[in-house]
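Note that the structure is predicted; figures quoted are calculated from it, not measured.
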Amino acid sequence: GVVFDGSRPHTPVETVDRGAAAARAARADGLVVVGGSSAVDCAKGVAVLVASGRERVAELEPIHFERLFEAPRETHPRFPLLAVTTTLSFAEFLPFWAVRRGDLLRKLPYSDLECVERTVFLDGALAAHTPEDVWLETGVKALDDALSAYCRSAAPEPFLDPVLVAAIGQLVEGLPASGTGGSAARRQQILTACWMTKLWLPRLGAFAVPAWFSTTARHSLGAVCAVPHGAASCVALPHALRHHADATRSRQAALASALGGKTSDEVPLAPALGALLDRLRVPRRLRDLGIEREALAEVVSAMLFLLRPPNS
């Protein structure tokens, strides 16, 4: 086999092109990826290029973020990908991947064309070696995604809600103890809780909120300033709860009650989240991430780019 060590944070587009060239040269008939979401997205991109017969990402058409889960319009042979995850970003469960275009300062998503045959290993013993800051920050990103999935629902979801409440509860309770010195067993519990938030279960109702603020913010901070998505979620998630408070207050209160917290706050989940972030000692402000004020206009522009209507 051939080892490709060219993956980089945020999956620069050229790393996928180089990885695909290495896979073709080795006549690879499958891929094994070990790492977090950047490595996994790179591997998914390589698999798509090889399976579809393309040489470069530029030959593919990006998809709009509102259409990430739509069925592709083309079919190709399935290409095996075995993913061993070491963070809590969990890109390996998603049917799309994204690259950073450094020339555009934008993150562009692509379909996996349903040709990536994924097998995922969640191994706490391997994840025990992940540095604490990466582990905890990507854990907050996982919590961010789970809160988005729960709070954006316009009404109770009988299939999703019990799983999300249980998983969110495990993340809130177990994430602090899984940091430095966290045992393989504790990290396995957190890996399992994150996996629970990604289960494909029926959603019966519509979204009350079409786009979650912190999802858009973290992708834009990553595209413009190369901020890790986990760290960006630590900063943006409290603002998301406040930004969407009017539309999600009843859902926030229901979740706060289910987790044993108070429901009377104007932003019901804010006190518990603030306490958790304090315990984790993660970044809380843009200046903690080294973001200069001069970069904010471009970050906002990137957010508006993500929120543009499809086909615009």
Side-chain angles (χ1 to χ4, degrees), residues 7-12 15-16 31-47 65 68-69 81-100 107-110 112 116 118-124 126-149 164 167-168 170-171 174-175 178-179 182 187-200 212 214-223 225-237 240 277 280 282-283 289 306:
S7 173
R8 296 294 181 267
H10 297 288
T11 319
T15 64
V16 178
L31 299 173
V32 177
V33 57
V34 180
S37 59
S38 294
V40 171
D41 269 6
C42 184
K44 287 195 289 187
V46 169
F65 273 92
L68 295 177
F69 297 94
L81 172 64
L82 191 156
V84 182
T85 186
T86 59
T87 74
L88 300 169
S89 292
F90 273 53
E92 52 273 18
F93 287 98
L94 302 176
F96 55 86
W97 49 285
V99 299
R100 182 177 186 248
K107 199 79 176 283
L108 301 180
Y110 295 85
D112 72 356
V116 182
R118 300 186 296 271
T119 301
V120 180
F121 279 81
L122 304 179
D123 190 330
L126 288 174
H129 299 282
T130 301
E132 180 185 42
D133 59 341
V134 175
W135 179 259
L136 296 179
E137 289 168 8
T138 57
V140 175
K141 175 182 176 291
L143 180 63
D144 189 357
D145 288 341
L147 292 179
S148 169
L164 287 173
I168 291 169
Q170 291 180 33
L171 286 173
L175 192 58
S178 70
R187 293 210 168 181
Q188 186 69 54
Q189 290 173 345
I190 298 301
L191 285 168
T192 302
C194 288
W195 167 67
M196 291 169 62
T197 71
K198 301 299 183 185
L199 290 175
W200 292 101
W212 191 244
S214 47
T215 303
T216 307
R218 74 171 182 246
H219 282 106
S220 301
L221 286 166
C225 305
V227 173
H229 285 178
S233 275
C234 295
V235 173
L237 178 53
L277 297 178
L280 297 178
V282 293
L289 305 178
L306 293 178

**Asked** ring pair (Phe, Tyr, Trp, His ring centres under 6.0 Å) with Trp212: which residues, sequence neighbours excluded?
**Response** His244

**Asked** Between Pro109 and Leu68, which heavy-atom pair has the shortest distance, and what is it?
**Response** CB-CD2, 3.7 Å

**Message:** Using the side chain to side chain contact (heavy atoms under 4.5 Å, CB included) criterion, which residues pair with Val116? Sequence neighbours excluded.
**Reply:** Lys44, Ala47, Val48, Leu81, Asp112, Arg118

**Request:** Give me the ring orientation class for His219 and His229: parallel if the planes are under 30° apart, tilted from 30 to 60°, perpendicular past 60°.
**Result:** perpendicular

**Complete:** By ring pair (Phe, Tyr, Trp, His ring centres under 6.0 Å), Phe69 pairs with (sequence neighbours left out) Phe96, Trp200

**Asked** Is a side-chain donor or acceptor of Thr15 paired with a backbone partner of Thr11 at a separation under 3.5 angstrom?
**Response** no

**Message:** What's the separation between atom SG in Cys234 and atom CG in Asp144, rounded to the nearest 0.5 Å?
**Reply:** 9.0 Å

**Asked** For the atom pair CG (Leu143) and OG1 (Thr138), what is the distance rounded to the nearest 0.5 Å?
**Response** 11.5 Å

**Asked** Within the side chain of Arg187, is there an N or O that forms a donor-acceptor pair under 3.5 Å with the backbone of Gly179?
**Response** yes

**Request:** Kindly indicate whether the side chain of Cys225, heavy atoms from C-beta on, has any atom under 4.5 Å from the side chain of Leu289.
**Result:** no

**Request:** For Leu126, check side chain to side chain contact (heavy atoms under 4.5 Å, CB included) against everything at least two apart and list the hits.
**Result:** Val84, Asp123

**Prompt:** Side chains of Trp135 and Leu175: closer than 4.5 Å at any heavy-atom pair?
**Reply:** yes

**Distance (rounded to the nearest 0.5 Å) between Phe65 CZ and Leu108 CG** = 8.0 Å

Without placing hydrogens or testing angles, list every side-chain donor-acceptor pair under 3.5 Å for residues 188-197, not counting sequence neighbours.
unit_1: Gln188; atom_1: OE1; unit_2: Gly124; atom_2: N; d: 2.6
unit_1: Gln188; atom_1: NE2; unit_2: Leu122; atom_2: O; d: 3.1
unit_1: Thr192; atom_1: OG1; unit_2: Gln188; atom_2: O; d: 2.9
unit_1: Thr197; atom_1: OG1; unit_2: Cys194; atom_2: O; d: 2.6

**Message:** Just to verify, what does Glu92 make a side-chain hydrogen bond (donor to acceptor under 3.5 Å, both in side chains) with, not counting sequence neighbours?
**Reply:** Thr85

**Asked** In chain order, what residues pass the side chain to side chain contact (heavy atoms under 4.5 Å, CB included) check against Asp145, with sequence neighbours excluded?
**Response** Lys141, Lys198, Thr215, Arg218

Just list the side-chain donor-acceptor pairs under 3.5 Å for residues 32-42, sequence neighbours left out, or say none.
unit_1: Ser38; atom_1: OG; unit_2: His10; atom_2: N; d: 2.9
unit_1: Asp41; atom_1: OD2; unit_2: Ala98; atom_2: N; d: 3.2

**Message:** What's the separation between atom OG1 in Thr130 and atom CG in Leu88, rounded to the nearest 0.5 Å?
**Reply:** 8.0 Å

